[in-house]
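All remarks here apply to the structure that follows.
FYI, the numbering just counts along the sequence from 1. As the structure is a computational prediction, the values presented were derived from the model and not from experiment. These values consider heavy atoms only, across backbone and side chains, with no hydrogens, waters or symmetry-generated copies.
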Amino acid sequence: MSGESRRRADRAGLIGFALVAALGVLWAIASPVFSVPDENAHATKAIAQVRGQVVGEEVPGVLHLVVQLPDEYRYDPRLLCFAMDENRSADCGAELGGEEGLDWFNTWTGAYNPVYYALVGWPSLLFGGAAGLIAMRIVSALIGAAFVGVAFQLAVAGRRDAWMPLGVAFAGLPLGVYLMAGVNPSGFEVAASVALWVGVLRLFESHVPGDPPAIAYSRTYLWVVVTISSAALVTARALGPLWLVVIVSLSALTVGWAPVRRLFATARSWIWLAVIAAVGVFSLAWTLLGGSLSSQARPGDAPLVGDTPLAGAVYMLRLTTEYFQQSVGMFGWFDAELPPWSVWAVVAVVGALLFLAFASLERRAALVVVAAVVACVVVPILVQARSVSQTGIIWQGRYGLFLYLGALILVAWLLSRGAERVRFLSARYTWGAAVLMAAFGAHAYLFVMYRYVVGLDDSITAMWLDPEWQPPGGWPLLVTLYALVSAAFAVFVGRLGRAVSQPVDGTVAAPVVGSDVR
């Protein structure tokens, strides 16, 4: 491809990184201390690990592993006085590192894989208290933004990418960015998976037999992206290796058998595959031997503890739509849920995109879309049903984000290559969808601020008249900045969609592999 195509892809990556990083930093500053789900457990693990305590210690009479904390991070349980109570503001009267806090914490993440915590824990050595936590969040947000930036870069690195900017833009929805900007490996997992979905698709595309579609980057670069993203994903959480298998399998189904076979038959691929396999084995070994598997839950800890896989599967199936809603609009410790009407902006965008796919794609490609949608429902059910006896129902919507975002990327990929009849809609639809999602993001940020500044039982006008809690800089400034950055993100996605709405250099690439199979 031309040098201009590569420059466009590089610009897309840099701008995408900058905008997602800005959104993440604003979430990092605005979220009260430990208000991100399980952040107290993950942050204390990171703080202890960078000081040498990689795994917590067992203490008689204490349920979870114990980690030791320095004075500047002494833990006061009152820090979470607002958790799970949507009507209570974040003004708790306690501070991280206060004299009344404890110099230890019994974290349920004490034996988790150390990679993520090493990446985000080091700022705690430079700062203390709430400032140190915000610094760790910012580092986490920058790492997540880097993965999303690479996804944007590769998304527009080919000839037929009309719908790809929109596919990756879903990673900029507020919940994903919120998680990336918290001290919690869930956001790390989501960001790495987005880069991996696009990277694997591009890598398979580069192995299409005959005259493959031109790509702006070499196979070596694609392998670097896939290897780093895979390593991040498999070490983020215990189920990471399984998620890697799911991503590769669905991506292979999308592009067809020929490029997949050629990739695995190419000797140069084996070195990269060996590195990925080695990291995967390390992750599995840490999980199996390091004590990070979930222990047996007590009957009151979660629903269906000790029950059968069938009961767990039925329970999960009934909650499927709720999990979808959680993956868009559930913030905090289940105490900052967006109003159901507000998520319809995202539902409308996703629904229309799926409708276009089913209405315009050839049979095989449409069946791939069906498989991706079915996977979004079935994979969580199977995973949770398998462990329900031990853990009970502990699944949350955010755990499926890697899969939901990936399915949308696959749909965008297929539309870009096998739906010529609706190509003329891509630029306009991308603009409209980007604007809707930006408005939704600004609303979500304001709503979460409302929840923490005064609590949801007060009128929203109390935020101005009688705020009980304020983030650094004050909520009006942060909300204004978030709205502006969201608008800039919408403009970026819209313009990028328009730029790639026509084939590069007037060339016409073949449809996606296998899309003509009837």
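- Between Trp27 and Phe331, the distance from one ring center to the other falls under 6.0 angstrom.
- Here the straight-line distance linking atom CG of Leu179 with atom CD of Glu39 works out to 10.5 Å at 0.5 Å rounding.
- Summarising the geometry, atom OG belonging to Ser269 is positioned 8.0 Å from atom CZ belonging to Phe264; distances are rounded to the nearest 0.5 Å.
- Aromatic ring orientation, His443 versus Phe447: tilted (interplanar angle from 30° to 60°).
- Applying the side-chain contact (heavy atoms from CB on, under 4.5 Å) rule to Leu478 yields the partners Leu26, Ile29, Ala30, Tyr445, Pro471; only residues at least two apart in sequence or on another chain are considered.
- Judged by the 6.0 Å distance and 45° axis criteria, Arg398 is not positioned over the aromatic ring of Tyr404.
- Counting only heavy atoms from C-beta outward, the side chains of Leu353 and Leu166 approach each other to under 4.5 Å.
- In this structure, the ring of Tyr323 has its center no less than 6.0 angstrom from the ring center of Tyr399.
- Phe170 is listed as a side-chain neighbour of Val349, based on a closest heavy-atom distance under 4.5 Å.
- Atoms CG and CG, on Leu367 and Leu361 in that order, are 10.5 Å from each other to the nearest 0.5 Å.
- Checked against side-chain contact (heavy atoms from CB on, under 4.5 Å), Trp270 has the following partners two or more places apart in sequence or in another chain: Ala267, Leu273.
- Closest approach of Leu415 and Ser360 over heavy atoms only: CD2-OG, 3.6 Å.
- With hydrogens and angles left out, the side-chain atoms of Tyr217 and Asp10 include a donor and acceptor closer than 3.5 Å.
- In this structure, Val148 and Met180 approach most closely via the heavy-atom pair CG2-CE, 3.8 Å.
- With 3.5 Å as the limit, one finds a donor-acceptor pair spanning the side chains of Gln153 and Tyr221.
- Scanning for ring pair (Phe, Tyr, Trp, His ring centres under 6.0 Å) contacts around Tyr116 gives Phe188, with sequence neighbours left out.
- Residues passing the side-chain contact (heavy atoms from CB on, under 4.5 Å) test with Val346, sequence neighbours excluded: Leu173, Val328, Val350, Phe440.
- Applying the side-chain contact (heavy atoms from CB on, under 4.5 Å) rule to Arg268 yields the partners Thr220, Thr266; only residues at least two apart in sequence or on another chain are considered.
- Considering only residues two or more places apart in sequence or on other chains, Arg11 meets the salt bridge (charged side-chain N to carboxylate O under 4.0 Å, His left out) condition with Glu4.
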